[in-house]
Chemist: 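The following block contains the structure, expressed as structure tokens.
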There are 2 protein chains.
Amino acid sequence: MDHKLSDRKKKVLRAVVDEYISSPIPVSSSEIREKYFNDISSATIRVELSALEEMGYLVQPHTSAGRVPSSIAYKFYVENFIGKKPLKKKDIRTIDNFFDKKFNEIEDIVKTSAKVISEITNYTSVIVINNINNVLIKEIKIVGLEPNSALVIIITDSGIIKDNIISLKRNTNSSFIRDANVLINKIFAGYTVGELKTRSQMVEMELSDFRELLDCVIEILKNYSNKSAKNVYVEGGNKMLNYPGATLEQAKSALNVLEDKLLLGNLLDDKTDNIEFSFKIGKDETCGIDRCAIMTAKYTINGKEIGQAGVIGPERMDYGKVMGVLSYLSKSINSIAACEIIDKCDETSIFGEEDGKEK
Amino acid sequence: MDHKLSDRKKKVLRAVVDEYISSPIPVSSSEIREKYFNDISSATIRVELSALEEMGYLVQPHTSAGRVPSSIAYKFYVENFIGKKPLKKKDIRTIDNFFDKKFNEIEDIVKTSAKVISEITNYTSVIVINNINNVLIKEIKIVGLEPNSALVIIITDSGIIKDNIISLKRNTNSSFIRDANVLINKIFAGYTVGELKTRSQMVEMELSDFRELLDCVIEILKNYSNKSAKNVYVEGGNKMLNYPGATLEQAKSALNVLEDKLLLGNLLDDKTDNIEFSFKIGKDETCGIDRCAIMTAKYTINGKEIGQAGVIGPERMDYGKVMGVLSYLSKSINSIAACEIIDKCDETSIFGEEDGKEK
DNA sequence: TCTAGCAGTCAAAATATAAGAGTGCTAACA
DNA sequence: TGTTAGCACTCTTATATTTTGACTGCTAGA
């Protein structure tokens, strides 16, 4: 399907997509002629349209209707005609407002980002955390809770990962907790998550007393770098219902995909290394969400690549804007996170072990 | 609207609702006669139907159609004919499976409950936490994190409330944290959340050094007993799209209400004290969600009333089943929580007499 | 008080008609 | 060879028109 398109064909193709995006009715030869050409007639355009249809870029709903872009057309359109559009002042203000507060946790940043993307683009947004391998573990804190459970708090140079209560068979009394803190930090602190595998092997022979705890901590870290439903954040799912022309049936199936976090995670996950944006369109590329497209960008926190942030919207979405938002936001997240951390850690690595001593 | 209904009228009314619930097409006099009466003719039933319509219980979509129940009819139906239906073995197994794991936090229990309710009933479920006033604070732990922030963990007799990173202006060095732990626990430990107001006044004169921290802790506790978006959990929102006859427009507006957690919280919140179930129906009682009804029950954790759990479903829902599930689940939650806590807190004195009841 | 029977009503389905938008084709022209 | 005007043809959409069938309400008689 890689015919070379003449300049005029390109212009016609672009006209069709532009027109269809601005209003979703099949576009006719005369419409194109009026708005985009004054040197050739509609009959000539019809010839071009016919050729483009032949090549698979356009589709005709029925014999006497105008043309509608195919998935291939959108793909070509995005790759050749569209770049990130600079954001409106208003939108920048919105984003900055959202981020004008303290963030303590990665999760918090991610959730806020998802919200802001959905708010501004008016599409559904999805963010996946799936790559914290080169994040640096600054400290791990174990706090004893009930007799058999403890809270594990992981502090990294990209923020705090918390939310992990673990249950142990053994009693988590204060002396155990104290020793555990020392040991665990000896093992993990100062290393990146990526080094985890080798590290954990290194300590294979350590006191079996802490075996169970160690396994828990490793499990937690693994969970954060692996695909797991917990690491997928969706916002504005019901905006999926706003696309005109959608039937209830389509909406339902789309929402079902959104529900399946694991599937979604895979959908966003993108192998291609170098490009800024990844773009998926067509039923087979979007896990069966009909007439939709997915645009994602990698994002970083404190300079480390953490995952992907993206938008699921109708094929005829405002690609330029979406790209603009994703791009701006990825910068925003990064600088915010960086500020936070620099701001806070001017006296890094001073935290003594102070907890687990009452009862 | 409180006419007294003859027994026969009641029987007819019930027939209409039963019939309409089992299949949502207007029910005719002859249909009722066939399935519910063999002693009187359809003409006689027509007279009764006519009367019931006059009284506001039934509605006729158009002159030559059968009858459809009005909101009032559903209300009457639920109040007079329906009680909780015992659960199917299969459903009980499903529930027990869901709860067959360790729960460390209230939030965890609540989320799981919401999931299970939605799963079994196939309707949208909502749970609100809005009353932890008589929950006993066993301990509060302050863990220093970064130089200016700390994690507050609240351990109660109903489970752990955590998830609260706070930022302070002052430095959270280890000696401060140590003192804070002692002080905070002197103030809060052993008291219920309800006593909070008086307590916090009592310590008005304490060292102003800890003022800021104290305010944070109080704020957290307040947040949990107040209405706030954080305390509302929704599950299976997109099941709202499954009700036959719903238009896309209705679905959209319903999902919008679901999005507004605060509104939802108020919707579930119910003042009536003594009854087990609360039931709302009709556009004005359901915040405009069309053709839907809301059935809620109070639930307790460790014997303390914590909030409401409910189902939002179509008017023609399986009320008996819903009531059955809510009722069973409320017992489940209670006993599970109790087990957990007893299991863990063998040293505490508070339990032991009340609340034996497991099945 | 009940009921058989019938006339009347109305929605939904089926059918017919008209209008309009847009194309493809052809033949002529530069 | 590429372009264009013009026209016949196609197919959707909108609007009327008719038919069908399901119910009811009413009435008169048991």
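Throughout, a chain's letter reflects where its sequence line sits, starting with A, and its residues are numbered from 1. As the structure is a prediction and not an experimental result, all values here were calculated from the model.
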Chemist: Please check the phosphate of dC2(C) (OP1 and OP2 only) for any side-chain N or O of R8(B) closer than 4.0 Å.
Modeler: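 So the side chain of R8(B) is within the cut-off, an N or O lying under 4.0 Å from OP1 or OP2 of dC2(C).
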Chemist: Compute the angle between the rotation axes at the two ends of the helix from dT1(C)-dA30(D) to dA30(C)-dT1(D), each taken over five pairs, rounded to 10 degrees.
Modeler: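 Both end axes considered, the difference amounts to 20°.
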Chemist: Return the 5'-most residue of the pair S50(A), H62(B) with respect to DNA chain C, ranking by each residue's nearest nucleotide.
Modeler: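 Per heavy-atom nearest nucleotide, the more 5' residue is H62(B).
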Chemist: Strictly below 4.0 Å: does T63(A) bring a side-chain N or O up to OP1 or OP2 of dT23(C)?
Modeler: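 No, outside the criterion.
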Chemist: Ion pair present between K11(B) and E48(B), side-chain N to carboxylate O less than 4.0 angstrom?
Modeler: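 So K11(B) does not pair with E48(B) through a salt bridge.
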Chemist: As an exercise, state the distance from CD of E54(B) to OG of S50(B), rounded to the nearest 0.5 Å.
Modeler: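 The distance works out to 7.5 Å.
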Chemist: Establish, from distance only, whether the side-chain atoms of R46(A) and S29(A) form a donor-acceptor pair under 3.5 Å.
Modeler: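 Yes, side-chain donor-acceptor contact under 3.5 Å.
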Chemist: Can you pull the contact range of chain A along DNA chain D, 5' to 3', using atoms under 4.0 angstrom from its heavy atoms?
Modeler: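 On DNA chain D, the outermost contacted nucleotides are dT3(D) to dT12(D).
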Chemist: Grab the CG-P distance between L52(A) and dG24(C) for me, whole Å please.
Modeler: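 Value for this atom pair: 12 Å.
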Chemist: Go through it in stages, so that I can follow the logic: the residues are M55(B) and K9(B), the test is side-chain contact (heavy atoms from CB on, under 4.5 Å), and I'd like the CA-CA distance, side-chain angles, deciding distance and then a yes or no.
Modeler: CA-CA 11 Å; M55(B) 298 182 212; K9(B) 278 199 180 50; 3.3 Å; yes
Chemist: Nearest whole Å is fine: how far is dT9(C) P from Q60(B) CD?
Modeler: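 My rounded result for the distance is 14 Å.
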Chemist: Rounding to a whole Å, what distance do you find between K9(B):NZ and dT1(C):P?
Modeler: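 Between P of dT1(C) and NZ of K9(B): 10 Å.
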Chemist: What distance separates Y123(B) OH from K239(B) NZ, expressed to the nearest 0.5 Å?
Modeler: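 If we round to the nearest 0.5 Å, Y123(B):OH and K239(B):NZ are 11.0 Å apart.
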Chemist: With a 4.0 Å cut-off on heavy atoms, is S42(B) in touch with a base, just the backbone sugar-phosphate, or nothing at all?
Modeler: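 Counting heavy atoms under 4.0 Å across all strands, no contact is made by S42(B).
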Chemist: Rounding to a whole Å, what distance do you find between E53(A):CD and dG22(C):P?
Modeler: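 Between P of dG22(C) and CD of E53(A): 15 Å.
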Chemist: Can a donor-acceptor pair be found between the side chains of Y77(A) and D18(A) at a distance below 3.5 Å?
Modeler: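 Yes, a side-chain donor-acceptor pair sits under 3.5 Å.
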Chemist: Is the shortest distance from a Lys or Arg side-chain nitrogen in E276(A) or K298(A) to a carboxylate oxygen in the other one below 4.0 Å?
Modeler: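 Not counted as a salt bridge, because no side-chain N and carboxylate O are separated by less than 4.0 Å.
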Chemist: Calculate the interatomic distance between R46(B) atom CZ and dC6(C) atom P; express it in whole Å.
Modeler: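 Atom CZ in R46(B) sits about 13 Å away from atom P in dC6(C).
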Chemist: Does a side-chain N or O from R67(A) land closer than 4.0 Å to OP1 or OP2 of dG24(C), or not?
Modeler: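 Yes, within the criterion.
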Chemist: Could you check A43(A) against S30(A) and say which one's nearest nucleotide on DNA chain C is further toward the 5' end?
Modeler: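 The 5'-side residue here is S30(A).
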Chemist: If you check the S28(A) side chain, which of dG22(C), dC10(C), dT3(C) turns out closest?
Modeler: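 Output: dG22(C).
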Chemist: Between atom CD1 in I45(A) and atom P in dG24(C), what is the gap in whole Å?
Modeler: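 Computing the I45(A):CD1 to dG24(C):P distance gives 13 Å.
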Chemist: What side-chain donor-acceptor pairs closer than 3.5 Å can you find for residues 19-26 of chain A, not counting sequence neighbours?
Modeler:
| from | atom 1 | to | atom 2 | distance (Å) |
| --- | --- | --- | --- | --- |
| E19(A) | OE1 | Y36(A) | OH | 2.6 |
| E19(A) | OE2 | K35(A) | NZ | 2.8 |
| S22(A) | OG | E19(A) | O | 3.2 |

Chemist: Measure CD1/I40(A) against C1'/dA30(C) and give the value in whole Å, please.
Modeler: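 Taking atom C1' of dA30(C) as the reference, CD1 of I40(A) is at 16 Å.
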Chemist: Taking atom types as modelled, find out whether D91(A) and Y328(A) have a side-chain donor-acceptor pair closer than 3.5 angstrom.
Modeler: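 Side chains of D91(A) and Y328(A): no pair found under 3.5 Å.
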